[in-house]
Amino acid sequence: MSGTIEIRLPDIGDFSEVEVIEVHVGPGDTVQAEDPLITVESDKAAMEVPAPSAGVLREVSVKVGDRVSEGSVIGLLQPATDEEPDKESDEAPGSESDPGGSGRGGDAGPPVGGASSPAGSSGQAPSPAAASYEGEVAFETELLVLGAGPGGYPAAFRAADLGLEVTLVERWATLGGVCLNVGCIPSKALLHAARVIDEAAEMADCGLRFGQPEVDLDGLRGWKDKVVGKLTGGLAQLARQRKVRVVRGTGRFLSAHHLEVVDEGTRQVIAFRQCVIAAGSEPVRLPGLPEDPRIIDSTGALELERIPERLLIIGGGIIGLEMATVYAALGSRVSVVELTEQLMPGCDADLVRPLHKRIGARYEQIMLGTKVSGIESTADGLVVTFGGQFSGTQSFDAVLLSVGRSPNGGRLDAHRAGVRVDERGFIPVDRQMRTNVSHIFAVGDIVGQPMLAHKANHEGRVAAEVAAGHRSAFDARVIPSVAYTDPEVAWVGLTENEARAQGLAYGKGVFPWAASGRSLGHNRDEGITKLLFDEKTHRVLGGGIVGPNAGELVGEVALAIEMGADAADIGLTIHPHPTLSETVAFAAEAFEGTLVDLYLPKKKAAR
């Protein structure tokens with residue numbers, strides 16, 4: 001076919017043949033460079049074969065089960081012929097190709113080895129035209145990283161390790177972004193304190209009785225801040241060791257190669273050759289609410305200014321339920337209101353059920369299928385009006401808003417750099433984390449769901465490696481999620497809800513922690529470990545765990561999925577006993593029918 005190119009299997013190492021175990025595309029599909037086409041497997045590992053360039057697949061020449069070798073034709077690709085509509089945004093007319101007067105000219109473009117086409121180059125509205133800037137410049141840098149959170153600082157440090165001159169711009173007084181300063185880390189410190197309080201009380205049933213805890217808020221807050229300080233101080237030391245230049249202030253783009261940084265009235269402009277946007281997200285605030293210091297978000301909740309007698313948490317997702325765990329342990333009468341019919345919407349109901357049962361007995365009320373119609377500030381409290389399954393008004397001493405986060409893409413003047421930002425504030429990227437402007441990358445919350453620190457960390461490393469001229473791509477099969485509630489809820493890969501919706505033929509192995517000696521020794525028996533498997537291949541597709549320390553266990557399931565493990569691989573791996581980790585192996589054995597730690601009736605053979 002005229003204009004098509006043959007896609008052939010690349011070098012597969014020491015193996016003469018490998019098996020095709022997945023085909024991700026079909027004839028007529030549009031693909032971007034580095035999109036996975038097929039997955040092949042040797043006796044040691046599975047490997048995705050990516051598209052060599054953007055285009056339309058005219059033919060797919062292999063199917064699942066085929067054995068292929070180096071040079072085998074996978075399919076025919078019609079390469080994309082349209083020029084990028086925003087190509088001029090890579091270098092605006094005039095002096096943009098040499099932003100700092102270095103005389104490098106065209107060197108300001110993308111590094112050699114950048115193989116991926118800009119994100120969203122097909123089927124999207126034209127990109128904004130980049131502005132130009134010819135004013136004063138404080139200094140020039142090879143790579144500018146905007147934001148020092150869990151996506152930004154790994155990008156900066158990895159790029160520095162690879163030999164780039166790096167400048168890191170951060171609006172916070174310390175490095176680490178929202179996650180380290182007012183998110184993941186301080187919340188986990190307070191959740192640990194809450195767990196100590198709860199465990200001490202629960203040991204009364206086991207013959208150990210303690211007095212009521214004396215909560216010193218100043219002391220607790222100081223300890224939490226000390227934990228944060230150790231980590232932020234460590235990041236500052238790592239930046240110095242790598243000679244990463246740190247600039248404090250809020251950044252906004254002036255052009256495709258210039259960023260303005262403002263900090264307490266001072267202003268400077270930095271010229272950059274390449275940039276990584278890692279500017280994160282902000283808590284969503286519901287419209288129409290009064291301005292009242294008693295209405296707080298997660299950042300305010302972590303300040304521990306006081307322990308309200310009655311606390312309403314709007315939003316039954318992960319962040320809201322984690323804060324509920326903390327404040328309930330510290331003495332608040334907690335109520336949770338959630339618009340949907342389930343806490344943690346999207347999570348499998350059988351994983352949420354043990355959590356709901358436990359907190360339902362501890363919290364004042366859990367209102368599902370209910371919305372907040374309004375909040376009125378009064379001297380005596382915040383009067384909240386509800387509608388739905390629960391209706392009427394109630395008064396609370398404080399209200400915590402936890403209804404999601406909004407990306408900061410629309411707050412950076414990214415259009416002046418020619419960077420496309422969607423209507424929600426997300427910045428589209430490809431698998432190399434490039435935006436539609438080839439020398440500008442984006443990572444973390446700002447590029448889309450899931451908004452998780454561990455996803456951002458890996459994306460930041462990929463962006464740095466591509467910026468340094470390496471062939472790298474974000475190719476994670478799965479990204480785990482964890483709710484650090486009590487009990488914890490963790491899942492990774494395919495959920496049972498998704499499997500049913502997709503009509504997949506899947507099998508399930510479930511092991512109840514009521515049969516786990518380790519769990520019973522913790523005085524807890526409500527947990528479960530669940531694994532989902534492909535009925536034909538027995539490969540693990542996903543898993544969910546609920547129980548204390550579930551978040552420490554789900555990494556094994558993620559690794560199993562990444563490695564293409566099947567039920568036998570997991571079940572035959574000897575796990576230490578007695579541990580919670582062996583419940584993962586037991587769940588695999590439950591699916592296979594080899595479990596001896598429970599009696600499970602044998603499945604009837606299909607007729």
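Computed from heavy atoms alone, side chains included, the values below leave out hydrogens, waters and symmetry copies.
Checking side-chain atoms of Glu488 against main-chain N and O of Gly547 turns up no donor-acceptor pair under 3.5 Å. Arg310 places a side-chain N or O within donor-acceptor distance of the main-chain N or O of Ser395, the cut-off being under 3.5 Å. Proximity of a side-chain donor or acceptor of Thr583 to a complementary backbone N or O of Thr529 within less than 3.5 Å is not detected. Proximity of a side-chain donor or acceptor of Asn549 to a complementary backbone N or O of Glu552 within less than 3.5 Å is not detected. Between the side chain of Tyr484 and the backbone N or O of Ile319 there is no donor-acceptor pair closer than 3.5 Å. For Thr485 (side chain) and Pro487 (main-chain N/O), a donor-acceptor pair under 3.5 Å exists by modelled atom type. Glu338 places no side-chain N or O within 3.5 Å of a backbone atom of Gly315 that could act as its donor or acceptor partner. Panel note: side chain Thr495, backbone Trp491; no donor-acceptor pair is recorded below 3.5 Å. With Ser187 contributing its side chain and Gly183 its backbone, the two residues share a donor-acceptor pair below 3.5 Å. Between the side chain of Glu592 and the backbone N or O of Thr594, no donor-acceptor pair lies under 3.5 Å.
Contact check for Pro576 versus Ser581: side-chain heavy atoms found under the 4.5 Å cut-off. Counting heavy atoms from C-beta outward, Phe426 and Val447 have side chains that stay 4.5 Å or more apart. Residues Leu541 and Ile561 form no side-chain contact, since every pair of their non-hydrogen atoms from C-beta on lies 4.5 Å or further apart. Proximity of Ile295 to Leu382: side-chain heavy atoms (C-beta onward) are separated by under 4.5 Å at one or more points. You'll find the side chain of Ser481 stays beyond 4.5 Å of the side chain of Val489, heavy atoms only. Residues Glu582 and Asp597 form no side-chain contact, since every pair of their non-hydrogen atoms from C-beta on lies 4.5 Å or further apart. Residues Leu343 and Leu368 are in side-chain contact: their nearest non-hydrogen atoms beyond the backbone lie under 4.5 Å apart. The shortest side-chain heavy-atom distance between Ser335 and Tyr363 does not fall under the 4.5 Å cut-off.
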>> Using salt bridge (charged side-chain N to carboxylate O under 4.0 Å, His left out), reason through Asp397 and Arg294 one step at a time and then give a plain yes or no.
In response: CA-CA 7 Å; Asp397 298 295; Arg294 294 170 294 184; over 6 Å; no
> Hey, mind stepping through Ile314 and Val403 against side chain to side chain contact (heavy atoms under 4.5 Å, CB included) and telling me if it holds?
Replying inline: CA-CA 7 Å; Ile314 301 178; Val403 292; 3.9 Å; yes
>> Show, in sequence, the C-alpha distance, side-chain angles and deciding distance for His538 and Phe591, and conclude whether the side chain to side chain contact (heavy atoms under 4.5 Å, CB included) test is met.
In response: CA-CA 9 Å; His538 290 195; Phe591 168 74; 3.6 Å; yes
> Would Arg358 and Glu202 satisfy salt bridge (charged side-chain N to carboxylate O under 4.0 Å, His left out), going step by step from the backbone distance to the final call?
Replying inline: CA-CA 13 Å; Arg358 179 176 170 87; Glu202 289 165 1; 2.4 Å; yes
> After noting the C-alpha distance and the side-chain angles of Asn408 and Ser281, does the key distance pass the side chain to side chain donor-acceptor pair (under 3.5 Å) rule?
Replying inline: CA-CA 5 Å; Asn408 285 329; Ser281 61; 5.9 Å; no
>> Before you tell me yes or no, could you show the steps for Met323 and Ser402 under side chain to side chain contact (heavy atoms under 4.5 Å, CB included), namely the whole-Å CA-CA distance, both residues' side-chain angles and the distance that decides it to 0.1 Å?
In response: CA-CA 9 Å; Met323 289 296 94; Ser402 182; over 6 Å; no
> Thr340 and Gln342: side chain to side chain donor-acceptor pair (under 3.5 Å), yes or no, with the steps?
Replying inline: CA-CA 6 Å; Thr340 69; Gln342 177 188 293; over 6 Å; no
>> Does Arg500 form a side chain to side chain contact (heavy atoms under 4.5 Å, CB included) with Asp348? I'd like the steps, not just the answer.
In response: CA-CA 11 Å; Arg500 291 191 190 114; Asp348 286 343; 5.7 Å; no
> Can you list the steps and then say if Glu496 with Lys508 is a salt bridge (charged side-chain N to carboxylate O under 4.0 Å, His left out)?
Replying inline: CA-CA 9 Å; Glu496 200 163 0; Lys508 178 170 64 173; 3.0 Å; yes
>> With ring pair (Phe, Tyr, Trp, His ring centres under 6.0 Å) as the criterion, how do Phe586 and His575 come out once you've worked through the C-alpha distance, each side chain's angles and the decisive distance to 0.1 Å?
In response: CA-CA 10 Å; Phe586 292 157; His575 290 66; 8.2 Å; no
> What's the verdict on side chain to side chain donor-acceptor pair (under 3.5 Å) for Ser519 and Asp525, showing C-alpha distance, side-chain angles and the deciding distance?
Replying inline: CA-CA 6 Å; Ser519 184; Asp525 63 359; over 6 Å; no
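Remark: Ile545 CD1 to Leu553 CG distance equals 4.5 Å, nearest 0.5 Å. Note that OG1 of Thr435 is 8.5 Å distant from CG of Asp430, once rounded to the nearest 0.5 Å. Between atom CH2 of residue Trp513 and atom CZ of residue Arg518 there is a gap of 11.0 Å, rounded to the nearest 0.5 Å. Annotation: the span from Leu330 atom CG to Leu220 atom CG amounts to 6.5 Å, rounded to 0.5 Å. We find the CG-CZ distance between Leu494 and Arg477 to be 13.5 Å, quoted to the nearest 0.5 Å. Here the CG atom belonging to Leu580 is positioned 10.5 Å from the CZ atom belonging to Phe511, to the nearest 0.5 angstrom.
The existence of a salt bridge linking Asp297 and Arg285 is excluded, since no basic side-chain nitrogen approaches an acidic carboxylate oxygen closer than 4.0 Å. Taking 4.0 Å as the cut-off between side-chain N and carboxylate O, Arg221 and Glu303 do not count as a salt-bridged pair. The existence of a salt bridge linking Asp534 and Lys536 is excluded, since no basic side-chain nitrogen approaches an acidic carboxylate oxygen closer than 4.0 Å.
Partner of Asp486 under the salt bridge (charged side-chain N to carboxylate O under 4.0 Å, His left out) criterion, out of Arg524, Arg195, Arg362: Arg524 alone. Evaluated for a side chain to side chain contact (heavy atoms under 4.5 Å, CB included) with Leu302, the options Val326, Asn181, Leu190 yield exactly one hit, Leu190. Paired with Glu282 under the rule salt bridge (charged side-chain N to carboxylate O under 4.0 Å, His left out), one option of Arg411, Arg171, Arg405 passes, and it is Arg171.
Note that Arg431 lies outside the cation-pi zone of Phe474, set by a 6.0 Å cut-off to the ring centre and a 45° limit from the axis.
Within 6.0 Å of CD in Gln212 there are 12 or fewer heavy atoms belonging to other residues, nucleotides or ligands. The environment of CG in Leu208 is crowded: more than 12 heavy-atom neighbours from other residues, nucleotides or ligands sit within 6.0 Å. The environment of Lys188 atom NZ is dense: over 12 non-hydrogen atoms of other residues, nucleotides or ligands sit within 6.0 angstrom. Residue-environment remark: CZ (Arg333) exceeds the threshold of 12 foreign heavy atoms within 6.0 Å.
Of all heavy-atom pairs between His454 and Pro480, the closest is NE2-O, 2.7 Å. Of all heavy-atom pairs between Asp292 and Ser377, the closest is OD2-OG, 2.8 Å. What you find for Ala590 and Gly509 is that their closest heavy atoms are CB-CA, 4.2 Å.
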